[in-house]
Amino acid sequence: MAGLLEGKVVLVTGAGQGVGRDIALQAGQAGAKVMVNDLGTSITGEGVDTALAEQVAQEIRAAGGEASSCAASVTDRVAVRTMIEQCQDELGGLNHLVNNAGILRDRMFHRMSDEEWDAVIDVHLNGARNIASAACDIFRQQNGGSMVHMTSTAGLCGNLGQANYSAAKLGIVGLSRSISIDMARSNVRSNCLAPFAFSRMTATVPAKGGAQNPDEEPYLEKIKKMASEKIPPLITALGSDGAAHITGQIFAVRGNEIFLMSQPRPLRSVHRAEGWTPETVLDHALPAMERDFYGPETSRDVFNWDPI
Ligand SMILES: NC(=O)c1ccc[n+]([C@@H]2O[C@H](COP(=O)([O-])OP(=O)(O)OC[C@H]3O[C@@H](n4cnc5c(N)ncnc54)[C@H](O)[C@@H]3O)[C@@H](O)[C@H]2O)c1
């Protein structure tokens with residue numbers, strides 16, 4: 001791994017702790033100059049701790065690497081543009097962006113407030129777009145760059161009590177896909193990664209039957225074994241020249257497993273030469289397709305085997 005990102009500048013958002021911190025530390029070990037971003041919020045996005053990002057930057061420097069820090073909120077478009085300028089001024093540019101910052105405001109859909117909806121969409125979806133948009137200016141000038149956006153199986157598969165988060169995370173997949181198409185002519189690559197990692201975030205995900213449900217104990221024990229250090233190798237690899245042809249993909253990492261996730265394509269088609277009425281849709285089209293309908297599964301039902 002040593003030297004895989006030599007000569008590159010890597011920006012990781014939300015890198016003051018959890019998965020982002022591990023990604024930033026490994027980027028430093030791989031020879032990158034690292035911009036560590038973190039606003040230092042609570043899990044719900046409240047409060048600010050401007051020291052968090054700098055602590056991780058110090059860890060990278062203490063290990064012999066080069067790093068700067070920035071406590072900008074990814075939701076603040078002006079501050080994000082200033083952060084990209086900081087990458088140029090202090091580290092000499094930008095080559096690999098990891099959109100990782102995130103918050104949660106979990107609530108069953110029928111009880112979710114407008115504020116809970118807006119806050120999560122703003123940090124994940126608008127935040128990812130704000131930074132990608134600012135980074136694209138540099139990437140176009142230098143005719144190259146790469147991005148990895150953190151998505152989630154909550155969006156890809158479904159999850160309980162996370163409509164805001166699931167919508168944002170699936171929105172990020174559409175964003176990434178569009179960037180990979182629109183920016184291909186400038187050699188800009190964009191991929192998504194759905195991590196499974198124990199962090200303060202996963203510790204709060206609503207359990208089936210409530211967090212105190214004793215039947216959940218074995219599952220929660222399994223989650224605790226999913227180390228966040230397992231996530232960075234794929235991100236480091238995607239930022240390197242060895243992955244120069246890889247774009248528009250969705251990956252997942254769970255322990256020692258790496259998954260390439262499917263992307264929606266037509267499953268079945270039905271056709272009537274005379275066209276459709278609501279009655280023929282009911283009698284013919286829907287029954288013909290029904291065998292391939294998806295049930296009300298969650299991420300946990302889809303990934304139902306032991307990861308360890
Ligand atoms: N941990 C998992 O299993 C898991 C699963 C699926 C997806 N993810 C995604 O991976 C990413 C990292 O998750 P984590 O588990 O390490 O979470 P975490 O809560 O440990 O870290 C998230 C970081 O983002 C920062 N942040 C929040 N709002 C910000 C803002 N507006 N601007 C800048 N920084 C901000 C927080 O201060 C925090 O340090 C998130 O995007 C999350 O949705 C994680």
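Everything numeric in this text was worked out from a predicted model, so none of it was measured.
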Notebook entry, point to check: Thr44 and Ile103: which non-hydrogen atoms are nearest, and at how many Å?
Noted result: O-CD1, 3.7 Å
Item checked: Cluster overlap Val148 with Leu94, hydrophobic side-chain contacts below 4.5 Å -> no
Checklist line | Glu54, Gln55, Gln58 screened by side chain to side chain donor-acceptor pair (under 3.5 Å) with Ser69, the one that passes | finding: Glu54
Check: Are Val253 and Trp305 linked, directly or through other ILVMFWY residues, by side chains that come within less than 4.5 angstrom of each other?
Finding: no
Checklist line | Least distance between heavy atoms, Ser228 atom then Ala197 atom | finding: CA-CB, 3.7 Å
Check: Which distance, rounded to the nearest 0.5 Å, do you find between the CD of Gln263 and the CD1 of Ile250?
Finding: 4.0 Å
Check: Linking I/L/V/M/F/W/Y whenever their side-chain heavy atoms sit closer than 4.5 Å, directly or via other members, would Leu282 and Phe293 fall into one cluster?
Finding: yes
Item checked: Interatomic spacing from CG in Leu156 to SG in Cys192 - rounded to 0.5 Å -> 8.0 Å
Next item on the list: Using a cut-off of 6.0 Å, state whether more than 12 heavy atoms not belonging to Glu46 lie near its atom CD.
Entry: yes
Next item on the list: Applying salt bridge (charged side-chain N to carboxylate O under 4.0 Å, His left out), run through Arg111 and Glu116 and close with a yes or a no.
Entry: CA-CA 10 Å; Arg111 297 203 187 95; Glu116 287 164 340; over 6 Å; no
Checklist line | Thr151 side chain reached by Leu193 side chain, heavy atoms, under 4.5 Å | finding: no
Next item on the list: Might you work through the side chain to side chain contact (heavy atoms under 4.5 Å, CB included) test for Glu59 and Val36, ending with a clear yes or no?
Entry: CA-CA 11 Å; Glu59 279 186 73; Val36 180; over 6 Å; no
Notebook entry, point to check: Donor-acceptor pair, Ser240 side chain versus Ala237 backbone, under 3.5 Å?
Noted result: yes
Margin query: Applying the side chain to side chain contact (heavy atoms under 4.5 Å, CB included) criterion to Leu11, which one of Val98, Ile84, Asn100 satisfies it?
Written below: Ile84
Next item on the list: In sequence, state the C-alpha distance, the side-chain angles, and the governing distance for Ile246 and Asn191, and then conclude on side chain to side chain contact (heavy atoms under 4.5 Å, CB included).
Entry: CA-CA 8 Å; Ile246 297 175; Asn191 293 288; 4.0 Å; yes
Note to self: Could you check whether any side-chain heavy atom of Arg81 comes within less than 4.5 Å of a side-chain heavy atom of Ser133, counting everything from C-beta outward?
What the structure shows: yes
Next item on the list: On the 0 to 90° scale, with breaks at 30° and 60°, tag the Tyr165-His124 ring pair as parallel, tilted or perpendicular.
Entry: perpendicular
Checklist line | Residue pair Thr75, Asn126: steps toward the side chain to side chain contact (heavy atoms under 4.5 Å, CB included) verdict | finding: CA-CA 7 Å; Thr75 62; Asn126 292 335; over 6 Å; no
Notebook entry, point to check: So which heavy atom on Leu91 is nearest to which on Met35, and how close?
Noted result: CD1-N, 3.7 Å
Next item on the list: Return the minimal non-hydrogen interatomic distance between Val302 and Glu297, and the atom names on each side.
Entry: CG2-OE1, 3.9 Å
Note to self: Less than 4.5 Å apart, side chain to side chain, heavy atoms only: is that true for His96 and Ile235?
What the structure shows: yes
Margin query: Are more than 12 heavy atoms, taken from residues, nucleotides or ligands other than Asn143, located less than 6.0 Å from that residue's CG atom?
Written below: yes
Next item on the list: May I ask you to decide if Gln162's main-chain N or O and Asp106's side chain share a donor-acceptor pair within less than 3.5 Å?
Entry: no
Notebook entry, point to check: What's in the same ILVMFWY side-chain cluster as Leu39, cut-off under 4.5 Å, chained through other members?
Noted result: Val48
Next item on the list: Check whether any side-chain heavy atom of His284 lies under 4.5 Å from a side-chain heavy atom of Glu279, and answer yes or no.
Entry: no
Margin query: Just to verify, what does Lys8 make a salt bridge (charged side-chain N to carboxylate O under 4.0 Å, His left out) with, not counting sequence neighbours?
Written below: Asp241
Notebook entry, point to check: Considering only heavy atoms from C-beta outward, does the side chain of Asp22 approach that of Ile231 to under 4.5 Å?
Noted result: no
Note to self: Just so I know, are the side chains of Val74 and Val123 near enough to count as touching, which here means a heavy-atom distance under 4.5 Å?
What the structure shows: yes
Notebook entry, point to check: Would a 4.5 Å heavy-atom cut-off, applied to side chains only, mark Met201 and Ile43 as touching?
Noted result: yes
Check: Does one hydrophobic cluster hold both Val12 and Leu97, with members joined at side-chain heavy-atom distances below 4.5 Å?
Finding: no
Next item on the list: To the nearest 0.5 Å, tell me how far Ser146 OG sits from Asn187 CG.
Entry: 11.5 Å
Margin query: Under 4.0 Å between a side-chain nitrogen and a carboxylate oxygen: does that hold for Arg105 and Glu115?
Written below: yes
Notebook entry, point to check: When Ile, Leu, Val, Met, Phe, Trp and Tyr are grouped by side-chain heavy atoms lying under 4.5 Å apart, directly or through other members, which residues fall in the same group as Leu267?
Noted result: Tyr294
Check: Does CG in Asn256 sit with more than 12 non-hydrogen atoms of other residues, nucleotides or ligands closer than 6.0 Å?
Finding: no
Next item on the list: Give a yes or no answer on whether the side chain of Ser176 reaches the backbone of Ile172 with a donor-acceptor pair at less than 3.5 Å.
Entry: no
Note to self: In this structure, would Ile181 and Met183 fall into the same cluster of hydrophobic residues linked by side-chain contacts under 4.5 Å?
What the structure shows: no
Next item on the list: Kindly indicate, with the supporting measurements, whether the criterion side chain to side chain contact (heavy atoms under 4.5 Å, CB included) is fulfilled by Asn159 and Thr153.
Entry: CA-CA 8 Å; Asn159 220 359; Thr153 57; over 6 Å; no
Next item on the list: First locate atom CD1 of Ile131, then atom SG of Cys136, and finally report the distance between them rounded to the nearest 0.5 Å.
Entry: 12.0 Å
Note to self: Check Arg21 with Asp38, please: is the shortest side-chain N to carboxylate O separation under 4.0 Å?
What the structure shows: no
Item checked: Atom pair CZ (Arg107) and OG (Ser113), whose distance is rounded to the nearest 0.5 Å -> 7.0 Å
Next item on the list: Output the distance between atom CZ (Phe259) and atom CZ (Arg254), rounded to the nearest 0.5 Å.
Entry: 4.5 Å
Margin query: Can a donor-acceptor pair be found, under 3.5 Å and without considering hydrogens, that links the side chain of Asp49 to the backbone of Gly40?
Written below: no
Note to self: Do Glu229 and Leu25 have side chains that approach each other closer than 4.5 Å (heavy atoms only, starting at C-beta)?
What the structure shows: no
Notebook entry, point to check: Nearest heavy-atom pair of Arg61 and Ala67: which atoms, and what distance?
Noted result: NH1-O, 2.7 Å
Margin query: Can you confirm whether the side chains of Asp283 and Thr280 place a donor and an acceptor under 3.5 Å from each other?
Written below: no
Next item on the list: Might you point out which heavy atoms bring Ala72 and Met83 nearest each other, and give the distance in Å?
Entry: CB-SD, 4.4 Å
